[in-house]
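Scroll down for the structure; my scribbles are underneath it.
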Amino acid sequence: LLSGRKIDEEMYEELEDLLIMHDVGVTAATNLLRDLRRLVKDRKILDGEGLRLLLKEIISNSLGEKKPLRLEPGTLNIFLVVGVNGVGKTTTIGKLAQRYKEQGLKVMVAAGDTFRAAASSQLEIWAERAGVYLVSHADGADPAAVVFDAVHSARAKKIDLLLVDTAGRLHNKSNLMQELGKIRRIIDREAEHSLREVLLVVDATTGQNALVQAKEFAQIVPVTGIVLTKLDGTAKGGIVIAINQEQKIPIKIIGVGEKISDLRDFDPQEFAEALFE
Amino acid sequence: GLGDKLQATLKKLRGKGKLTEKDISDAMREVRMALLEADVNLKVVRDFVNAVKERAIGADVLESLTPGQQIVKIVHEELMNLLGGSTSRIAIASKPPTVLMLVGLQGAGKTTQAGKLALSLRKSGRHPLLVACDVYRPAAIEQLQVLGRQLDIPVFSISGNQNPVQIAKQGKEEAMRQGRDLVIIDTAGRLHVDEKLMQELKDIKAAVMPHEILLVVDAMTGQDAVNVAESFNSTLGIDGVIVTKLDGDTRGGAALSIKAVTGKPIKFVGMGEKLDTLEVFHPDRMASRILG
Ligand SMILES: Nc1nc2c(ncn2[C@@H]2O[C@H](COP(=O)(O)OP(=O)(O)OP(=O)(O)O)[C@@H](O)[C@H]2O)c(=O)[nH]1
Ligand SMILES: Nc1nc2c(ncn2[C@@H]2O[C@H](COP(=O)(O)OP(=O)(O)OP(=O)(O)O)[C@@H](O)[C@H]2O)c(=O)[nH]1
Ligand SMILES: [Mg+2]
Ligand SMILES: [Mg+2]
C-alpha cells in the first residue's frame, strides 16, 4: 500500500493505525514512530516502501537478538511456566517436553496445577505423548507439595530438564500470586541454582492487559522469557513490543497451533515482517 | 481515569459558556486514548468519538458541572447506549429441551462457563444436561465430567467417539429421554479462520438446532475481538456473548467492540473460576470499567 508513494503525514497515521490494530498500544506505537521520523531524516528515506522497511527494522531491533532457552548440560535444569488462565501453559509444556526429549535429554514434567478440573489428566496425556516422566498428586493437593516432590524425584532420576506446570492465575489475585512466590522459593531451596527459566505465557489475542500481566508476574517471580501462543490465529501479538519496551523481557518461544510439534523459536525479523502482512 | 484527564485538559473552562472546537478536539484526543488503552477496537473508537463530538459541540458548560465532567457524562451515556438495551435472559423454548451451544476461541472459558450456566439455570428451575463435544483437547471430556460431578448435574459423552455432531445429536435425544429440559453443549476451542472446524459448528447447529448460540470471549482480548466476533457471527450466527475473566483487571474494551460491531447482546459475564461466578451483564458497570 505504501510503495511508490512519497512520505507524508497521512502515511505516518496509517502506520500508527496498523500498529494499534496489532495491539502495540498507543504509547509504544508513539515511541516507534518517533524513532522512525528521526531515522527517516538521518537516512533521507523518500518513499513509502523505504518507510515500511525502516519501521520493520526498528521493531526487529527493539526486540533484540534471538534468545534461545537456557540449558546447562550435565545438571538439573528447571523451567517454571506461569501465566493467566487459558493462555496455553500446559500445552506449551507438552511441546517443550517433546522438543527436548527428541534432543536426547531426560525430561520430567510436574503437574503443579492441582486446582482446575482435570488439569493433571491433561498434562498426563501430554507426558505420554512426549514420552517423558510425570509427577502429579491427587486433585486438591498442595501445589507446593507436588513441586517439592518433583524436584526431589528429578534429582534422584538425574533428570536434565524439569518442566513445572502451574495453575492459571489472574495477577490481581494476591493469594494466588503469593502461592506462586512460594512455589518459586521451594524450587530455589530444594534445587539451588537449577531454576533456569521462568516463562510467562502470553496469548497473542491479548490486548493491553498483557503489559500489566508482565509487570505483575515479574514482581513475584524472575521472569526470564515470554512464550507467545496462538500466533496461528489472526492476532499478531503486537503487545510483546510494548512488553519488551517497558519490562525488557525477551520473547523466546512462539506457539503456532495445538499439535505437539507446533512450537518455534521466536524470530524478531519474522515477527516484524508478519505485522505488515 | 478519563474523568481526571479531562478535568486537567479542560480546567480553564469552568462556567465559560459553550465549548469551542479546540476544547472539543483536545477532549476527544483524551477520550480516544482512554478507549484505545482499554482495548476498544480502533474503528469502533473512531465512530464512537465522532458520535460524542457531535453531542459535545455546542454543549453548554453548566455551572454545576466542570466541562471535563460534562464530556465524561456524555461519554458515559454514549457507552451505555452502545452496551445496554439487551437482555441477560436465556430464551426458554416452549417445546423442551432448550438447547444452548457454547463456542469460541481456545482457552476463552467455554467449559467452565458451561458448568456455571448449568448451575445457574438449575437454580431457576431447569433440569440441565451437559454435553461434551470437545473430542480434541486432552482430558476435555473429563474436565466437563468433573464439573458435572461437582454440581451433581449429568454429563453426556460418548467415549471413543470422534464425531461431535453425533455426540450433540445423541445428547439432545438423551435429554428428551431423561426429561432434561435444558441441553448445554460444550464445543472445542477453535480459530474463526479454521474452515473445517467452523463447518463442524455449522453441522452441529444443523443437527440440534440450538435456541441460543453463545460466543464465549476472554475479557482481555485486544483488537482482534472484532474479527473473531464478526467471523463467528457471519459464519455460524450467534445469539449472545459471554465475557469471561472479568474478575481480572483488564478494562474489557473488547466487550464494547463486539457489541458495537455485531449488535448481539452481552448476556453474562464470568467473574471467577468457581462455578457460582456467572453474573448478569451490567452495562453501567462495564462503561465505568472501560473508562478506567
Ligand atoms: N490455536 C492454538 N491453540 C493453542 C495454542 N497453545 C495452546 N492452545 C490451546 O489453548 C487452549 C488452552 O490451552 P492450555 O494449555 O490448557 O492453557 P493453560 O494456560 O494451561 O490453561 P489453564 O491451566 O486453564 O490456565 C487449548 O485448547 C489448547 O489447545 C497455540 O499455539 N495455538
Ligand atoms: N479468573 C477466571 N478464570 C476463568 C473464568 N472462566 C474460565 N476461567 C479459567 O480459564 C481457563 C480456561 O477455561 P476453560 O473453561 O478450560 O476454557 P475453554 O474455552 O473451554 O478452553 P478450550 O476448550 O481449550 O478452548 C481455566 O483455567 C478456567 O478456570 C472466569 O470467569 N474467571
Ligand atoms: Mg494448564
Ligand atoms: Mg473447553
Side-chain angles (χ1 to χ4, degrees), chain A residues 16-18 20-27 29 84-91 94 115-129 139 167-173 176 203-213 216 229-230 232-239 255 257-258, chain B residues 32-33 36-43 45-46 105-112 115 136-150 188-194 217-228 231 244-245 247-254 270 272-273 275:
Chain A
E16 189 191 32
D17 282 2
L18 182 76
I20 289 177
M21 283 199 270
H22 288 325
D23 292 311
V24 172
V26 181
T27 306
V84 301
N85 305 71
V87 294
K89 299 178 291 301
T90 306
T91 307
F115 169 74
R116 206 211 68 216
S120 303
S121 304
Q122 182 186 7
L123 187 63
E124 188 174 352
I125 293 171
W126 283 114
E128 261 173 62
R129 288 179 181 177
D139 283 353
R169 69 201 68 223
L170 296 181
H171 48 278
N172 60 328
K173 310 254 161 122
L176 297 182
D203 187 323
T205 66
T206 310
Q208 298 307 302
N209 195 249
L211 255 179
V212 187
Q213 291 171 23
E216 296 297 318
T229 60
K230 308 182 195 172
D232 46 318
T234 50
K236 302 282 171 87
I239 193 62
E258 299 188 75
Chain B
R32 175 178 181 273
M33 257 303 248
L36 286 177
E37 282 175 350
D39 291 323
V40 180
N41 184 270
L42 183 62
K43 297 198 179 66
V45 171
R46 211 154 257 156
L105 295 182
Q106 291 90 347
K110 298 174 291 301
T111 304
T112 311
Y136 308 106
R137 168 175 154 154
I141 295 175
E142 181 180 332
Q143 184 184 1
L144 194 64
Q145 288 171 330
V146 169
L147 298 186
R149 264 202 305 281
Q150 288 174 357
R190 69 203 63 216
L191 298 177
H192 49 297
V193 292
D194 186 325
V217 175
D218 192 323
M220 62 187 190
T221 309
Q223 297 286 313
D224 204 45
V226 158
N227 297 333
V228 176
S231 212
T244 64
K245 309 177 202 172
D247 46 319
D249 59 9
T250 190
R251 301 259 290 272
E273 293 194 75
L275 296 174

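The sequence lines fix the lettering, A, B, ..., with proteins before strands; numbering per chain opens at 1. Since this is a predicted model, take the numbers as computed values, not measurements.
Looking at B/Arg149, there are no atoms closer than 4.5 Å to chain A (heavy atoms on both sides), in backbone or side chain. Heavy atoms closer than 4.5 Å to chain B are found nowhere in A/Glu216, neither backbone nor side chain. For a residue to count as touching a neighbouring chain, one of its non-hydrogen atoms must lie under 4.5 Å from one of that chain's; by this rule A/Glu258 touches chain B with the side chain only. With a 4.5 Å cut-off on non-hydrogen atoms, A/Lys236 does not touch chain B at all. Only the side chain of B/Leu105 comes within less than 4.5 Å of a heavy atom in chain A; its backbone stays farther off. The contact between A/Asp17 and chain B is made by backbone and side chain atoms together, counting heavy-atom distances below 4.5 Å. Contact annotation for A/Glu16: only side-chain heavy atoms (C-beta onward) come within less than 4.5 Å of a heavy atom of chain B. Using a 4.5 Å cut-off between heavy atoms, B/Glu273 contacts chain A through its side chain alone, with no backbone atom that close. Neither the backbone nor the side chain of B/Arg190 comes within less than 4.5 Å of any heavy atom in chain A. In this structure, no portion of B/Asn41 lies under 4.5 Å from any heavy atom of chain A.
Partner of B/Met220 under the side chain to side chain contact (heavy atoms under 4.5 Å, CB included) criterion, out of A/Thr205, A/Val212, A/Asn209: A/Asn209 alone.
For the pair B/Lys245 and A/Val84, the minimum side-chain heavy-atom distance is 4.5 Å or more. Counting only heavy atoms from C-beta outward, the side chains of B/Thr112 and A/Arg116 never approach each other to under 4.5 Å.
For the set B/Leu36, B/Val226, B/Asp194, the entry with the most heavy-atom pairs within less than 4.5 Å of chain A is B/Leu36. In terms of heavy-atom pairs under 4.5 angstrom with chain B, the leader among A/Ala204, A/Gly168, A/Ala210, A/Ser121 is A/Ser121. Contact tally against chain A (heavy-atom pairs below 4.5 Å) for B/Pro138, B/Ala254, B/Ala139: the top residue is B/Pro138. In terms of non-hydrogen atom pairs under 4.5 Å with chain A, the most contact-rich of B/Arg32, B/Arg137, B/Gln145 is B/Arg137. Most heavy-atom pairs under 4.5 Å with chain A, from the set B/Asp249, B/Val146, B/Leu42: that is B/Asp249.
Residues meeting the side chain to side chain donor-acceptor pair (under 3.5 Å) test with A/Asp23, sequence neighbours left out: none.
To the nearest 0.5 Å, atoms NZ (A/Lys230) and CD (B/Gln106) are separated by 6.5 Å. Taking CG of B/Asp39 as the reference point, atom OG1 of A/Thr206 lies at 9.0 Å (rounded to 0.5 Å). Between the CD atom in B/Gln223 and the CE atom in A/Met21 there is a gap of 8.0 Å [rounded to 0.5 Å].
In the displayed structure, A/Lys173 atom NZ is contacted under 6.0 Å by more than 12 heavy atoms of other residues, nucleotides or ligands.
Side chain to side chain, B/Asp224 and A/Thr234 meet the donor-acceptor criterion of an N or O pair below 3.5 Å.
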